[in-house]
There are 2 protein chains.
Amino acid sequence: MLTERQQQLLEFLKEYHTNNGLMPSTREIQEFFGFASQTAAVSHLRALEKKGVIQKVPGKARALVFPEQLDREEIVDVPIYGQIAAGMASETEQANEGCLSIDIASLGVPRSAKTFALKVRGDSMIDAHIMSGDCVILELKEPRRGDIVAALIDGETTLKRYVINDGMPYLQAENELYPDLVPVRELVIQGVMVALLRRGEGMVA
Amino acid sequence: MLTERQQQLLEFLKEYHTNNGLMPSTREIQEFFGFASQTAAVSHLRALEKKGVIQKVPGKARALVFPEQLDREEIVDVPIYGQIAAGMASETEQANEGCLSIDIASLGVPRSAKTFALKVRGDSMIDAHIMSGDCVILELKEPRRGDIVAALIDGETTLKRYVINDGMPYLQAENELYPDLVPVRELVIQGVMVALLRRGEGMVA
DNA sequence: AATTGTTGTTGTCTTTCAGTAAGCATATGA
DNA sequence: TCATATGCTTACTGAAAGACAACAACAATT
């Protein structure tokens, strides 16, 4: 569908955009390709627009848009704070181990929600089909009974199901081999699980 | 950290950007807020830059960038074609039921990979901890033994584990209640599972 | 009391930048 | 063969847009 040259141009646009966060002007395109005229760049852009891979907003500077980008939902950056059941004693200690960028609609959380992610270690939630190595996405909010939560219980953080019995909240593992955790002193809920991402080639059991 | 007014300005920038795919000019900001001068907009932008929430590229038009956006990995749009084990007889029939935008690094697939997603229905893969309602992300590539694949077997599409025994490939469910599927006529692999996304409030067992 | 930050105003100046007109050579398909 | 798409060139225009100077009122610190 696209010619060789048009492909090169599109490539340049994408690269420029990811590097600089904005689109090149026609003169910058001209310079990059070594054109003697900016009109060459303009006509190429026109061709790309006719083929639907870009959209132009007439009269405005650097006003090129990739159509996919427009009907995309808003992307949020979910920071990965670390592994669960390992450290993270204080809430401010944000051992940011990377980020997870995903559109907000896929998570099913409101735009205002504060979210973060933790990597699961261990198999205490295996009966809820949460595997070791999975990445759980949590929202900072009040837990309801039955929610899966990351909680700081007596100094250690774990992922468990939040249960209330006789007005007494405690944590329940989803694995017969693990006991219930009844808080001795404190029970601080750090987040409520809203989504889960399993990734990589490690899909082999 | 930000003042009321600066918050409003940032809000406007984000909204304008998601709506139009590009940044407003200082004069557009001026007009939106009803300033009598564009310098007001400029000085606000300067303040936002000093506080680190935006970056400006001097001399260029509409050259405002959100810093997070810059160190973000490239976002790919994974189309959701439909439910597994339901329809999707032909490969071209793309009942696009929405999209999943996620940064490519989180998926662990090469940039060139062709990916798509399917919503799982049924519990035949429950022992691999894939639940009904989960969204599996698949890549178009050759399966290796042990991979979880979406396959068209004798006219129907299912998600199963790809096994080879005595040089004979067949499909295996991860649930004792389901039998192995040995292809009678044909076995077309539609994609190899590379990631899984479980979302929504339905985290309650 | 002096300084700095916020939120503005009236101006002017200059560069960036998109857009157009007119032309030319080579392909590709009808 | 005639039309149409591609891939360029030179030359010009005018609007879009950033940048700066100078000033002013008001808060919050130092």
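Because only heavy atoms are used, hydrogens play no part in the values below, and waters and symmetry mates are left out as well, while side chains stay in. Chain A is the first sequence line, chain B the second, and so forth, proteins listed ahead of strands; every chain is numbered from 1.
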- State whether the number of non-hydrogen atoms from other residues, nucleotides or ligands found under 6.0 Å of B:Glu31 atom CD is greater than 12. no
- Message: Can you confirm whether A:Lys51 is buried at NZ, in the sense that more than 12 heavy atoms of other residues, nucleotides or ligands lie under 6.0 Å from that atom?
- Response: yes
- Query: Where each residue is assigned the nucleotide of DNA chain D containing its nearest heavy atom, which of B:Lys60 and A:Phe35 is assigned the position nearer the 5′ end?
  - Reply: A:Phe35
In whole Å, I'd like the distance from the [atom1] atom of [X] to the [atom2] atom of [N].
X: B:Glu31; N: D:dA17; atom1: CD; atom2: C1'; result: 14 Å
X: B:Arg62; N: D:dA16; atom1: CZ; atom2: C1'; result: 8 Å
X: B:Leu64; N: D:dA17; atom1: CG; atom2: C1'; result: 12 Å

[X] and [Y] ion-paired at < 4.0 Å:
X: A:Asp77; Y: B:Arg72; answer: yes
X: A:Glu74; Y: A:Arg111; answer: yes
X: A:Glu28; Y: A:Arg62; answer: yes

- Query: Hey, what do you get for CG (B:Leu13) to CG (B:Leu48), rounding to the nearest 0.5 Å?
  - Reply: 6.5 Å
- Test item: side-chain donor near acceptor, B:Arg27 and B:Gln30, under 3.5 Å: no
- Of all heavy-atom pairs between A:Phe66 and A:Val53, which one has the smallest distance, and what is that distance? CD2-O, 3.9 Å
- Task: With a 4.0 angstrom cut-off to heavy atoms of chain B, pull out the first and last contacting nucleotide of DNA chain C, in 5'-to-3' order.
- Result: C:dT6 to C:dC17
With the criterion being N/O to N/O and under 3.5 Å, what pairs connect the protein with nucleotides 10-13 of chain D, and how long is each?
from   : atom 1 : to      : atom 2 : distance (Å)
D:dT10 : OP2    : A:Ala36 : O      : 3.4
D:dT10 : O4     : A:Thr39 : OG1    : 3.1
D:dA11 : N6     : A:Thr39 : OG1    : 3.2

